[in-house]
Amino acid sequence: MRKQDFGFDYHRYHRLLSQADDEDKRLALIDLLIEEKARDRLTAQRASDRAAMTAYTIATVLKNGRN
């Protein structure tokens, strides 16, 4: 069995799916899922970029401190 992703709001999406009783609502739900996944990926990428920049800055400061 697959572990439930903590960022995935299962109950909310289940409710939205049960309310999607026509094509427009189903398409809106699909758009929402895509948008939220994209936002999550962007947030993760920004965090990764910040961590990389911090590591680079620390390495530069430590390198300059030895000279």
Side-chain angles (χ1 to χ4, degrees):
M1 189 170 171
R2 202 172 128 211
K3 291 183 180 178
Q4 185 173 341
D5 183 0
F6 291 107
F8 186 82
D9 189 351
Y10 174 81
H11 297 292
R12 176 176 167 237
Y13 295 132
H14 185 266
R15 180 178 42 80
L16 290 171
L17 181 59
S18 67
Q19 294 171 353
D21 55 3
D22 63 20
E23 189 67 18
D24 289 338
K25 290 179 183 178
R26 285 190 286 274
L27 291 174
L29 175 59
I30 291 168
D31 288 342
L32 176 72
L33 292 170
I34 292 168
E35 180 182 316
E36 289 185 0
K37 184 66 173 177
R39 184 181 59 230
D40 292 346
R41 286 182 180 173
L42 180 60
T43 300
Q45 182 62 45
R46 285 181 179 162
S48 176
D49 290 348
R50 273 193 304 275
M53 184 56 81
T54 300
Y56 176 79
T57 301
I58 291 170
T60 301
V61 168
L62 291 176
K63 179 181 174 186
N64 290 337
R66 291 182 185 180
N67 291 334

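All values below come from the heavy atoms of this structure, side chains included, with hydrogens, waters and symmetry mates left out.
Pairs passing the ring-ring contact (aromatic ring centres under 6.0 Å, His included) check and including a residue from residues 15-44, sequence neighbours excluded, do not occur.
Contacts of Arg41 classified as salt bridge (charged side-chain N to carboxylate O under 4.0 Å, His left out), with partners at least two apart in sequence or in another chain: none. Applying the side chain to side chain donor-acceptor pair (under 3.5 Å) criterion to Gln45, with sequence neighbours excluded, gives Asp49. The side chain to side chain contact (heavy atoms under 4.5 Å, CB included) search around Arg46 returns Leu42, Arg50, not counting sequence neighbours. Leu16 meets the side chain to side chain contact (heavy atoms under 4.5 Å, CB included) test with Arg12, Tyr13, Gln19, Leu29, Leu32; sequence neighbours excluded. Checked against side chain to side chain contact (heavy atoms under 4.5 Å, CB included), Ala20 has the following partners two or more places apart in sequence or in another chain: Lys25, Arg26. Residues satisfying the side chain to side chain donor-acceptor pair (under 3.5 Å) test with Asp22, not counting sequence neighbours, are none.
When hydrophobic residues (I, L, V, M, F, W, Y) are linked wherever their side-chain heavy atoms come within less than 4.5 Å, Val61 remains an isolated member. Its side chain within the 4.5 Å cluster rule, Tyr56 clusters with Met53 among the Ile, Leu, Val, Met, Phe, Trp and Tyr residues.
Leu27 and Leu33 fall into different hydrophobic clusters, where Ile, Leu, Val, Met, Phe, Trp and Tyr side chains are chained together by heavy-atom contacts under 4.5 Å.
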